[in-house]
Asker: 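Have a look at the structure that comes next, please.
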Amino acid sequence: MIHKNNHLVIMAGGVGSRFWPMSTVDKPKQFIDVLGVGRSLLQLTYDRFLGVCKPENVWIVTNQRYAGIVKEQLPDVPEANILCEPCRRNTAPCIAYVSWRIKATDPQANIVVTPSDHIVMNVEEFRRVVTQCLSFSKETDAIITLGMKPTHPETGYGYIKADLTSSSVRNKEIFRVDSFREKPDLATAQQYIKNKSYFWNAGIFIWNVSTIINAFRVYQPTLSKVFEGMNDVYGTDKEQEEIDKRYAECENVSVDYAIMEKAEEIFVCPSDFGWSDLGTWGSLLLQTRHDLFGNSLIGENISVYDTKNSIIHVTEEKKVVVQGLDGYIVAEKGKTLLICKLSEEQKIKQYSGEM
């Protein structure tokens, strides 16, 4: 049974084009069908919270230029719940805005905040973990983050060090956070994964609305003053006008720096449900199904010969035949075809003009 005070916040304002040519600044990766399953990453994010909260308690924070795409892809979400940032100010202002907005609607709200462009392979386990964390935050003043059990020494993620010496009395799967660690170099990442106390920071947060608002008041008083000062306009036709006027005043800062690294009642729930932030074509290759030669074929009409360790993403009904490649990306969108070594994909932006 869905608790009436459960709310979901999806942060969908990113403008990255990491999966070029499929994704561009006009339609970044959260709005495209990266996995070739007929649903965008945003839609898949929404889908995995079905049964956790009601559609009317789903909130999307996005850039104004993407509001139309959000409405099209998530028609069950009320239009009033699509909050538009007039400019980019990182995750702390984004979360502060939606927190004050939700509090105006439901002062008892229990909130889970998630990025829009990650994938989860075991949705049933994901829902179990999120539901138990929501129960924990409902009963306490805790701020909870999900820590992913690392599978390899990843240098592209931040890490959470947990105090595993004793779990919470209320929930044996939840532990206090010892510290947050920046993205490490390879040697440091190798040391982290030898220590079972370290987890990947997935950027998924769970808290009661009063808890997070109080944390902003204590640790970010200047930021909180901006959104506290708009209490009279939330939910009215003046809200967007005021946000457009005041949002640029906010410091450009992540919620990790603004709140997580300062607050005291911070907990982590170590989790293992097949998570990835899909930051690269290489990560997509790792997370998708392979043939016997390590190839990931996303599309209905692809044939490969003497090819291995490659990802071929062609979903536009063209017949594609690939021969003799090892460790390559082959991707098509419209009139653009990309053929690139996986080891050189960091150069794609440079070549594509999507700088």
Asker: Could you check whether the rings of Y66 and F31 sit parallel, tilted or perpendicular, using 30° and 60° as the cut-offs?
Answerer: tilted
Asker: Answer with yes or no whether the side chains of N110 and S137 bring together a donor and an acceptor at under 3.5 Å.
Answerer: yes
Asker: Would you please indicate yes or no on a ring centroid separation below 6.0 angstrom for W207 and F136?
Answerer: no
Asker: Indicate whether any N or O donor in one side chain lies under 3.5 Å from an N or O acceptor in the other, for D106 and H7.
Answerer: yes
Asker: Specify the closest pair of heavy atoms between K341 and I329, including all atoms of both residues, with the distance to one decimal.
Answerer: O-CD1, 4.4 Å
Asker: Does a sphere of radius 6.0 Å around OH in Y257 hold more than 12 heavy atoms from other residues, nucleotides or ligands, not counting ones at 6.0 Å or beyond?
Answerer: no
Asker: Taking only Lys NZ, Arg NE, NH1 and NH2, and the carboxylate oxygens of Asp or Glu, determine whether R65 and D26 approach each other closer than 4.0 Å.
Answerer: yes
Asker: Looking at E85 and G13, would you say the former's side chain and the latter's main chain have a donor-acceptor pair under 3.5 Å?
Answerer: no
Asker: Centre-to-centre under 6.0 Å for Y159 and F180, is that the case here?
Answerer: no
Asker: If we only count heavy atoms from C-beta on, is the E332 to H313 side-chain gap below 4.5 Å?
Answerer: no
Asker: Just wondering, are more than 12 heavy atoms of other shown residues or ligands nearer than 6.0 Å to CD in E124?
Answerer: no
Asker: Taking all atoms of both residues into account, what is the closest heavy-atom pair of A67 and C84, and its distance?
Answerer: CB-SG, 3.7 Å
Asker: Examine distances only and state if a side-chain atom of S254 and a backbone atom of T91 form a donor-acceptor pair shorter than 3.5 Å.
Answerer: no
Asker: Are the side chains of L278 and D117 in contact, using a 4.5 Å heavy-atom criterion?
Answerer: no
Asker: For Q108 and N5: C-alpha separation, side-chain torsions, deciding distance, then whether side chain to side chain donor-acceptor pair (under 3.5 Å) applies.
Answerer: CA-CA 6 Å; Q108 305 301 317; N5 299 118; over 6 Å; no
Asker: Under 3.5 Å, is there a donor-acceptor pair between the side chain of N195 and the main chain of Y198?
Answerer: no
Asker: For W281, is there any backbone N or O sitting under 3.5 Å from a side-chain donor or acceptor partner on E345?
Answerer: yes
Asker: State whether a side-chain donor-acceptor pair under 3.5 Å links S303 with K319.
Answerer: yes
Asker: Is any NZ, NE, NH1 or NH2 atom of the basic residue among E241 and K238 found under 4.0 Å from an Asp or Glu carboxylate oxygen of the other?
Answerer: no
Asker: Using the benzene-type ring in the case of Trp, are the ring centres of F227 and Y234 under 6.0 Å apart?
Answerer: no
Asker: Sub-3.5 Å donor-acceptor pair from the side chain of N295 to the main-chain atoms of S310, do we have one?
Answerer: yes
Asker: Ignoring hydrogens, what is the shortest heavy-atom contact between Y46 and V58? Give both atom names and the distance.
Answerer: CE1-CG2, 4.0 Å
Asker: Is there a side-chain contact between K225 and T222 in this structure, where contact means two heavy atoms from C-beta onward sitting under 4.5 Å apart?
Answerer: no
Asker: Take I174 and V268 through the test side-chain contact (heavy atoms from CB on, under 4.5 Å) and record every step on the way to the result.
Answerer: CA-CA 6 Å; I174 295 176; V268 60; over 6 Å; no
Asker: Decide whether R101 and S99 meet the rule of one side-chain donor and one side-chain acceptor closer than 3.5 Å.
Answerer: no
Asker: Is a side-chain donor-acceptor pair under 3.5 Å present for S168 with N171?
Answerer: no
Asker: Quick test of your reading of the model: are E264 and R176 salt-bridged, counting only N-O distances below 4.0 Å?
Answerer: no
Asker: Any chance you could measure E251, atom CD, to L223, atom CG, to the nearest 0.5 Å?
Answerer: 8.0 Å
Asker: For a 4.5 angstrom cut-off between non-hydrogen side-chain atoms, does L286 reach S276?
Answerer: no
Asker: Between N201 and D256, do the side chains contain an N or O donor and an N or O acceptor separated by less than 3.5 Å?
Answerer: yes
